[in-house]
Structures are given as structure tokens and as C-alpha cells.
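Let me begin by presenting the structure, written as C-alpha cells, before commenting on it.
Residue numbering restarts at 1 for every chain, and letters A, B, ... go by the order of the sequence lines. Small disclaimer: the values here were computed from a predicted structure and weren't measured.
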2 protein chains.
Amino acid sequence: MAVKPSIPKGTRDFSPVEMARRNYIFDTIKSTFKLFGYLQIETPAMENLSTLMGKYGEEGDKLLFKILNSGDFLKDVSETDFNERNLGRLTTKICEKGLRYDLTVPFARFVVQYRGDLQMPFKRYQIQPVWRADRPQKGRYREFYQCDADVVGSDSLWNEVELLSMIDTVFKKLKIRVAIKLNNRKILSGIAEIIGETEKLTDITVAIDKIDKIGIEKVKEELRDKGIQEESIEKLQPLLELKGSNNEKLQILESLLKDSEIGMKGIEELKTVVNGFDSLGHDCCLDIDVSLARGLNYYTGTIIEVKALDVEIGSITGGGRYDNLTGVFGMSGLSGVGISFGADRIYDVLNQLNLYPENISESVKVLFVNFGEKEAEASMKAVNSLRKSGIACELYPDSSKMKKQMGYADSLNIPYVAIIGETEMQEGVINLKNMKTGEQKRLTESELIETLS
Amino acid sequence: MAVKPSIPKGTRDFSPVEMARRNYIFDTIKSTFKLFGYLQIETPAMENLSTLMGKYGEEGDKLLFKILNSGDFLKDVSETDFNERNLGRLTTKICEKGLRYDLTVPFARFVVQYRGDLQMPFKRYQIQPVWRADRPQKGRYREFYQCDADVVGSDSLWNEVELLSMIDTVFKKLKIRVAIKLNNRKILSGIAEIIGETEKLTDITVAIDKIDKIGIEKVKEELRDKGIQEESIEKLQPLLELKGSNNEKLQILESLLKDSEIGMKGIEELKTVVNGFDSLGHDCCLDIDVSLARGLNYYTGTIIEVKALDVEIGSITGGGRYDNLTGVFGMSGLSGVGISFGADRIYDVLNQLNLYPENISESVKVLFVNFGEKEAEASMKAVNSLRKSGIACELYPDSSKMKKQMGYADSLNIPYVAIIGETEMQEGVINLKNMKTGEQKRLTESELIETLS
């Protein structure tokens, strides 16, 4: 026998049971996107490498899956090219395309490419897999789905409110308890300005982003290592210890950042978003968290991160506002804001908490047992009628032993079995058995349809 | 300004309008698969090249998209390897993975890999994109969707009947008039046997497969060129001219193939399938067509092909029975039968005939106009209530000019606009405007919800 086949590491097959669960998540997210007026687009799995390279940093470039050119991929490769063994140079000569790494860069490319045809503000959603050549580990895959919603072409903070409301809606539907953490990049800029370390903004945010993991003292150590003045670190202290309600936090921030124009702008934005969200009466908790920095170089205003309260798994959704999404493709001045649901982590959370509704299996409602050619023919006619009435059902295709056919119904969790044997054929009835209770009923075809509808 | 970005040739972006149309097709196919008891699986976009290579012939191997190994992809490449410039050899050293080329080989791999966990008969469906490095041309893409349904682990011809019934259901729902062509590989074998050219089976079927395109005389010419005896070609004549109803065709075939055991077996199978299908009272036309050969080396029994009657586009769905799907992965004796809906061709047919239902757009039911901060706040509260009642709606995020906001509603085909201005706020009502008729109504929030539900 041949070697048992397998799939590339970091990738997954999904069985029918897993698909039913995943569809439950995707359908919940998709229906919410539609409820909020987001429109679906899809982009190709492959993008030109020129579109992808340089967009995710040096590390990101390495994590792109590149596709070997078809035909004579060596045609532009000289002996010198080969002997140098410069992997980067060689890659650009033998690969023109790569697999998409996220949905944001393809979306930016899409907006620029079709700018003339798009109605602004453009609210789009996109649910597709992405690929990263990361080292696979628990909860980290090389192929995984992203579910993104973005609005471009509008500066209004109502967009932020709407995205937060959408997060609340999705997790309420999924019954996952979450905390939504909120920050604003302008507040981080204000902080750097106030402590007189504007040029060290990145170092500061990278350090304070770790506060939950390593604690205040270690953060301070890291700041010292990065060459931040002791005096500046002192000034940071109240921010590192920021506590209380959102209003209390906003008051403290206001007094700390009163001399920074950009800082005060950030506070104002944050206030507007928090008040807008609160006015709608959501019950999900919204926490201002100035240590939140994710993707700093990318976001320019609001920063959002969602954590599950009952499972340790890191961020399950994130997003924010960026003022220059499309600048890298030559179209500047277009502001946008968006969020991305991490479907695979949400899947892990639901699995761990077993939060799926009962009966989300995709199987049929009733299996018709097969007793032989004549009975099968009669059964198939009933099956055909039931299907025309929209009832999912099937005939066991072979006249196998009863035990085998019942085992099939059992293992697929099919709730009813219908029996048309010789007697039933003579009497023109169908014997319906409830697989849970064992109860049996003799019904006409139309009674059967009524019972199962 | 930078160069306008683009996508790889042969790939496509899908706009919201295109997505709404495509979702209509996918949802129709998917709901039919579920109605018939097929269970969904998904497999990774990337498979090991060892899984894919050699499964699609020499030409197919060349059309596989290969993925460059990550990290030092040259680590196993010696100077000699390079200097030889043997593309095939080199490819296996720098690429371990490829993109899936169809859904059949990944399904076979899946069945073998999880054989212990699968309940047989296993009825699976799979709707995912595939990739082929074909030369792009009208109607042929490098990334396209396949929608496959297969049953493995059952020899029963009821499976064939069910698949044909599923084809009928899908195209009836889509309102596409089709002809289903039916053949059986055993009949082709019988023909070759009767004319005494068993070893030329492939040449014969390749030639008669072209009868619709090139006519009887050219087919005979090709048979002569392939070295088929004139006497044998004479014997083929009645088959090439086969006409009449399915019953008449079956009678002629019976008299022609009465001395071929395998041929008679094929006729018997064909009869069972045709009778089974007819007994269910479908209205789609089923044509026995002995010139139908598609994928001969692969199919071992029933062969199915579907053509649109009102558009010249070739086959839009096809399939058949194979007795050894998993043999290539070391698991023999597993029979299966399946069909594949060509979603992209079906999309082209629907576009050409404009057969989409009205209002399949994915946009909201009502847009709330934005007159400024206070009005927006009141509108957002109404929006929030409507969404809680499941009505898709949105607030225009900016207080732009009326004309711009109305233009937005217009271009997205939003049927209603809701207005909450100063007067409406004072009176506690919402002004609802029907965008088609221009009619306006003043409603309370609950009346609005009732009207739009």
C-alpha cells in the first residue's frame, strides 16, 4: 500500500461537523455585516508580488507564499544570479505572484484600481482565507480566514460607533462574553509629546503595549534600555497606572495631555466614540486602554481590540482608523476605518466553551430505509415529494442490512427514519420512526410532509 | 503617482453587484446539495505536490501552480542541478506544495486519510476555488470555483438517479433550460469490442466525441488516420447515426451490442438510470448520447454532461462514475459517482440571459439621511432599533449635501430613505420616502419597523 497521504503542515481539512460549526460563525458574521449595510467583495487568492512586497515589513516579505512562474521559470536567471545565491533577488526573477497575506492590502489595491466606479463612502466586507508562511503552532495556521469590514471615504466617527456596535452584535449572537478595548493613536502621540520623547514614539508604545504581560516595573526597565530619560518615565507613571471608569480615565488624560494639541484631539475623538456607543444602550463592556497600540505605524486614530472574557486566547477581533490606506498605491487623502474578526480564534473559543446551538449539523431530517428495488422505487418517489416541499431527506442507496442502515442514521444524527416495506406499500402509508424517542407513526405522504415541515 | 495597480492575468475581482449574483448561484447549488443530504467539507488551497503530480497527465502537471519553499529554497540545489536547467527536477527541489487543481483529487486524498472516521456511503459536497496555469481566454480563468457533489462507498444506481435529479433541481431553480446527456463507459467498451478494436478504445472515443463539432465524415477520416480498419468503421456507422427517443436508441444499442457482455451491462445500467429518473417525473430532457466520452480514462460507468439550450457555451456541468478514485492513494475497491457544477460558466449563462431575480442586491432596505450631529444621534438610535428587528439599514455617516446623500441611496438601489430633521425630532416621527414612487409617509419608529419588516 502507498504512503498514507497528508496535507502541508499548518493547513487543515474540515469535516462536515467542523464545517457546520464554521458556517455557523461565518453566517453570523456575514448576516451582521449585511444588517449594517456592508457590501461583499472578493479578490483573487494570488496577487502580483509587486502589490504585496514591502507592505508587511521585512519579516512579512519572508512570510509571503510565492508562486513559481509557470513555463520556463529560469529564463531570466543567469549563472551569476544563481552563484550569488541571493534568495531575495532570485525570488523576484522566478516568482511574479504571491498568495494574499491579509485582506487589507488587496482591499487598498481594489479601491485604487476601481476608484472611478466606487460610490463613496464605500462600506465593504470580505470573508476569504489568507496564507502566511509562519511557523505553525497551536492556534496559528498557515491558511486561515479573515472576516474584514471597512469603510473608506468618510472621516465621521459614526463609522467607529457602528463598527463597535457590529462587534457587540456579533459576539452577543455567538454568546461569547467580550471586553472591547479602545484607544486612539493621537493620544499615544500626545503622550510622547508631553514627556518630550516624540522621536521615541514607537519604542514607548511597544513597551507600554506589554504592560498586561510583564507589569509596570519591566515596562519601565525596557523604556530605560531604549534610552528614555528617567524624568520622562516619571511623567509616564500616571498613564501606566490609569484606572477607573471610562469617564475617570478621560478626566485624568485631559489633565495630563492638556498642553498637547494632538493629544487633546485624540481625547475628543475617544469621547465622541464612547458617548456614541453608550447612547445606543449596548451591554458589552467598552474599556479605554491607553496601553493598546497594535499596528501603530498603520493606525492614525481609533484603535480597537476585542478579548474574550472566558478564554485565554489573546485578541479575537481588532481594527482601527488609518488615514492613508491607499497612499502606498498612489492615491492619498482617503481615510478609512475597519475591523477584522479572527474567525479561527473565534472557532477555538466556541469549541472550548461549547457554545454551539444544538442541531447545527447539516444532515437531513429523515432517512428512507432501503428494502430492495420495489420498495426503493416507492421510497424514492416519497423522497422526491419531500424535497419538492423543501424537506432535506435521502434514500439509503443500497438494500443493506437494517443494522447498517440504522447505524448510518445514528452516526449522522438524522432525527427520523422512514420505512416503506411491503406492508406499507400495500396500505399506501409510510412508517415514521423518531430516532430519539423510538416512537413510530404510520402516516400518508402528505401527513409526513406536514409532520416534518 | 504610482503605477495603477492590477491583478494577475486570468484572475478576477468581484464587485458587490457581481458578488450578489454569484452568491445567488452558490446559494442555489448549496441549498440543493443540502436538500439531497450531501455534507460539506473543505480542504486546504495548498496540497503537497506529491498528492497532485501525476494525477492530471503530463499536461496537467505543467498547469499546476507550484509554491516556492519558504526559507532557503536553494538548500538542496547543487550547481549541477542548476546547470542542467532541468525544470522538472529543479521544481521538485525548490517546491513542495502546489495549489489545488480540482476538487476530486483532494477529495480522494481526504477519503483515504480519514477512512477510519467516515461513515459510508459518504455523500460530500465541496465548493471552493481551484487554480490552473492555463492560457487565459474568454470564459477560461486561472482561478475559478468548482461545486462538486460525490457519493463514495455505494454501487447503487440510485446515486446516479439522485445526482440527475439534483441537476434538474438546480437548473429549474436557476431558470436555465438544459439538456442532460447520458452515456456509459461500458457501452463504449462494448462498441470497441464488437468492432474488434478493443486496444483502440481511446482513439475511437476521442474521435466520436467530436461528432457534434466536425460531423460524421470527418470523424470517419480521423478513425482511418488512427489505423482503424474500414470494416470496423462500417460497423460503427449505425452508432454514429443513432437517433430517436431514448427507448429507440436503447433498442438499437441492444441489437448492436448483443454479443458484448460489457456492452450489455452498460445498456442495462443506462436503462436503470433512465427509468429511475423518468419515474420521478422531471421535466428536464435526458438524452442518451453514445458519443459522450469526457474523461474516459477516469470514468468506468455512467457519464453525464449538461448543456445549456439557449446559450452556446459548452458543458456547464459534468460527472460520472469511477470505480477506483482512491486507488492511486493505495485504497482500492471504493466506487463513487459525482458531478461538478461549473459555477463560472453558469454565471456567464445567467449574465447572458439576464436570468437573475430582481432585487438580489445585498444593500440595505433604508438609508437614514444625516442632517448634523443632533439629528444623526436621533437617527442612529432608530437605526439601532431597526437592526435589532433584523432590518438592514444604515446612517449616512457624514452630514453632506442632500444631493450627495440621495445620490448614494440611488446608486446602491436602496429602496427607502428615512429623514429625521428638526421638525421630525420635535414631533417624534420619521419621514419615510419611497425612492421609486417618491411617496412620503410620517411614521413612528414602531410603524416604520412594521412597514419595512
Side-chain angles (χ1 to χ4, degrees), chain A residues 1-2 5 7-8 11-16 19 34-37 39-48 51 65-68 70 72 74 82 85 87 95 97 109-110 112-113 119 121 133 143 154 156 158-159 279-280 329-330 362-364 376-377 384 387 392 394-395 397-398 408 411-412, chain B residues 1-2 5 7-8 11-16 19 34-37 39-48 51 65-68 70 72 74 82 85 87 95 97 109-110 112-113 119 121 133 143 154 156 158-159 279-280 329-330 362-364 376-377 384 387 392 394-395 397-398 408 411-412:
Chain A
M1 181 172 150
I7 50 177
T11 69
R12 291 164 292 170
D13 287 313
F14 295 108
S15 72
M19 280 310 298
K34 288 168 80 166
L35 190 63
F36 280 69
L39 303 174
Q40 191 175 14
I41 70 163
E42 278 186 9
T43 62
M46 299 186 277
E47 293 275 352
N48 291 322
T51 300
F65 280 112
K66 286 117 191 159
I67 292 163
L68 193 65
S70 33
D72 181 6
L74 288 180
F82 179 75
R85 293 195 170 232
L87 296 172
C95 298
K97 296 180 283 288
R109 193 262 311 144
F110 183 97
V112 176
Q113 197 170 332
Q119 178 66 39
E143 174 179 57
S154 165
S156 166
W158 283 116
N159 297 307
S279 76
L280 301 178
F329 295 117
E362 299 230 329
S363 193
V364 295
E377 214 180 298
N384 198 40
R387 284 174 180 162
E394 62 184 333
L395 166 71
D398 304 276
Y408 176 87
S411 88
L412 295 183
Chain B
M1 185 171 149
I7 51 177
T11 68
R12 291 163 292 169
D13 287 313
F14 295 110
S15 70
M19 281 309 299
K34 287 169 80 167
L35 190 64
F36 281 69
L39 303 173
Q40 190 175 16
I41 69 161
E42 279 187 6
T43 63
M46 299 186 276
E47 292 275 353
N48 292 321
T51 300
F65 279 111
K66 286 119 190 156
I67 292 162
L68 192 66
S70 32
D72 182 6
L74 288 180
F82 180 76
R85 293 194 169 232
L87 294 173
C95 298
K97 296 179 284 288
R109 192 263 310 144
F110 183 97
V112 176
Q113 195 169 332
Q119 177 66 38
E143 173 179 57
S154 164
S156 166
W158 282 117
N159 296 307
S279 76
L280 300 178
F329 296 115
E362 299 228 331
S363 193
V364 295
E377 214 180 298
N384 197 42
R387 284 175 181 161
E394 61 183 335
L395 166 70
D398 304 277
Y408 177 88
S411 86
L412 295 183

[X] versus chain A, the contacting section by heavy-atom distance below 4.5 Å:
X: B:S70; answer: side chain
X: B:T51; answer: side chain
X: B:N384; answer: side chain
X: B:F110; answer: side chain

Among [options], single out the residue with the greatest number of heavy-atom pairs under 4.5 Å to chain B.
options: A:L412, A:I67, A:L395, A:N48; result: A:N48
options: A:E377, A:Q119, A:K97; result: A:Q119
options: A:K66, A:E42, A:R85; result: A:E42

Subject >> Side chain, backbone, both or neither of A:Y408 within contact of chain B (heavy atoms, under 4.5 Å) >> reply: both
Original post:
In chain order, what residues pass the side chain to side chain contact (heavy atoms under 4.5 Å, CB included) check against B:S156, with sequence neighbours excluded?
Top reply: A:P397, A:D398, B:S154, B:W158, B:N159
Original post:
Are any non-hydrogen side-chain atoms of A:I41 and B:S15 less than 4.5 angstrom apart?
Top reply: no
**OP:** Decide side-chain contact (heavy atoms from CB on, under 4.5 Å) for B:E47 and A:I7; before the verdict, give the C-alpha distance in whole Å, the side-chain angles of both, and the deciding distance to 0.1 Å.
**Re:** CA-CA 6 Å; B:E47 292 275 353; A:I7 50 177; 4.0 Å; yes
Subject >> Options B:L74, B:T11, B:L87, B:D72, ranked by heavy-atom pairs under 4.5 Å with chain A, top entry >> reply: B:L87
Subject >> When B:A45, B:S411, B:P121 are compared by non-hydrogen pairs under 4.5 Å with chain A, the top option >> reply: B:P121
Can you see which heavy atom on [X] is nearest to which on [Y], and at what distance?
X: A:G37; Y: B:E394; answer: O-OE1, 3.9 Å
X: B:L39; Y: A:S363; answer: CD2-CA, 3.8 Å
X: A:Q40; Y: B:M19; answer: O-CG, 3.4 Å

Subject >> For A:R12, all residues meeting salt bridge (charged side-chain N to carboxylate O under 4.0 Å, His left out), sequence neighbours excluded >> reply: A:D344
Subject >> Main-chain N/O of A:M46 paired to B:E143 side chain as donor or acceptor, under 3.5 Å >> reply: no
